[in-house]
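The residues of the chain are indexed from 1 along the displayed sequence.
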Amino acid sequence: MVLCTYLNHLFSRFLHFLWKQPDQANKLSTSNMSGLDGVEHKTLKVNGINMHVAELPGSGSGGDPIILFIHGFPELWYTWRHQMTALSSLGYRTIAPDLRGYGDTDAPEKVEDYTYFNIVGDLVALIDAVTGGDEAVFVVGHDWGAMIAWQLCMYRPEKVKALVNMSVLFSPRNPDRVPIPTLRRFFGDDYYICRFQKPGEIEAEFKKLGTEKVLKEFLTYKTPGPLYLPKGKLFKSSENGASSALPPWLTQEDLDYNVTNYNNKGFTGPINYYRNIDRNWELTTPWTGAKISVPVKFIVGDQDLTYNSPGAKEYINGGGFKKDVPLLDETVVLKGVGHFLHEESPEEINQHIHSFFQKFL
């Protein structure tokens, strides 16, 4: 999860050819990977890394509009399984990568290899690979994926036909507030983003706690307030009978898939995104005051900790969001829904995505 509204209010052809070629060595068994019929898995060389990409074709006749899905933390491509299945049946070609550091995509060792520029560079190369470099795509983002999608639209708007973003509002750069020190002053050292800053520390605590416990706690967190992770007391506040059961939208099979991947890859790559928050603030100085110039629909759950962060509702309802995102079509607030809204209410989310993107076909 990422509370980026806090940071605001407190602060080619060759790749296309490769994509189209049958590559049995890079295809993974769908039955072993996800239980989703028809999902194709490939590994593409993009921006100097090997990126794992899952795809479901649309009509199969060629020329289907492409939707690029960008996941957040602690997710994988798999978080989009419901959207991929539904929207491919409606004629979209759906593509969901594991971002760098996640799943079966390479995880560079250096912390500084996880900046906005690195991640957006990966996605621009991926878009060029799947389109031949001369076509824009639809984009759907959630959590860190939403943050990356905002940046993609800011740097390379010609690559995006329209965007559906979820959970994390656009955060215009505040030149007067360095993000992490601001968060420490406001929330203290136990605030989870602050706990993530020291390399290796939180990973060791997660290892001691166990991958399944950690992922289960993150994925089922539905408290409309900030998340604290004090040393030696991780997730202690949720240790009760209710927290031991999975919600209806998350099966044990779903959890097991995520656990297996995180056991193989570890948490360091994903957490390195947080360790670049201040570096991103420094690098994006030229975009101070920049606006998002692509059509957008924004969706958030009313139980999402991001929606309940200080200033978020005022930003939405007071006109600030529309000012920074001039082509904002609509903001949808789903009642009774938490952070992982696309998994918790997939049918509703699928309809929102389809109805919005249909306007641009």
Taking the ring centre of each residue, are [X] and [Y] less than 6.0 Å apart?
X	Y	result
Phe218	Phe235	yes
His52	His41	yes
His342	Trp80	yes
Phe170	Trp150	yes
Tyr274	Trp144	yes
Tyr273	Phe73	no

Has [X] got more than 12 heavy atoms of other residues, nucleotides or ligands less than 6.0 Å from its [atom1]?
X	atom1	value
Lys291	NZ	yes
Glu158	CD	yes
Glu347	CD	no

Sidechain-backbone polar pair: [X] side chain, [Y] backbone, donor-acceptor under 3.5 Å:
X	Y	result
Arg279	Val111	no
Asn47	Ala125	no
Asn280	Tyr116	yes
Arg100	Thr105	no
Lys322	Leu328	yes
Glu203	Gly266	no

Would [X] and [Y] show up in the same hydrophobic cluster when neighbours are defined by side-chain heavy atoms closer than 4.5 Å?
X	Y	value
Leu169	Leu327	no
Val332	Val168	yes
Val124	Val53	yes

(message) Could you work out, with ring-ring contact (aromatic ring centres under 6.0 Å, His included) as the rule, every residue matching Phe267, not counting sequence neighbours?
(response)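 By the ring-ring contact (aromatic ring centres under 6.0 Å, His included) rule, Phe267 matches Phe206, Tyr262.
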(message) Which residues pass the ring-ring contact (aromatic ring centres under 6.0 Å, His included) test with Tyr155, not counting sequence neighbours?
(response) Phe117, Trp287
Say whether [X] and [Y], considering side chains only, have a donor N or O and an acceptor N or O under 3.5 Å apart.
X	Y	result
Thr251	Asp254	yes
His142	Glu75	yes
Asn50	Thr43	no
Tyr307	Asp302	no
Asp143	His339	yes

(message) If you apply the rule side chain to side chain donor-acceptor pair (under 3.5 Å), what do you find for Asn118 with Thr115, and how did you get there?
(response) CA-CA 5 Å; Asn118 297 114; Thr115 69; 2.8 Å; yes
(request) Starting at CE of Met154, measure out to CD of Gln151 and round the result to the nearest 0.5 Å. (result) 4.5 Å
Taking all non-hydrogen atoms of both residues, which atom of [X] and which atom of [Y] are closest, and how far apart?
X	Y	answer
Glu135	Ile127	O-CG2, 4.0 Å
Phe356	Pro295	CZ-C, 3.8 Å
Gly38	Pro57	O-CD, 4.2 Å
Leu341	Ser167	CD2-OG, 3.4 Å

(request) With sequence neighbours excluded, give me every salt bridge (Lys or Arg N to Asp or Glu O under 4.0 Å) pair touching residues 351-361. (result)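 Counting only pairs at least two positions apart or across chains, the salt bridge (Lys or Arg N to Asp or Glu O under 4.0 Å) contacts touching residues 351-361 are Asp329-Lys359.
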(message) Looking at Lys231 and Glu205, is any side-chain nitrogen of the basic one under 4.0 Å from a carboxylate oxygen of the acidic one?
(response) no
(request) Determine whether Tyr315 and Pro172 make a side-chain contact, defined as any pair of heavy atoms from C-beta on separated by less than 4.5 Å. (result)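 Contact flag for Tyr315/Pro172 side chains = yes.
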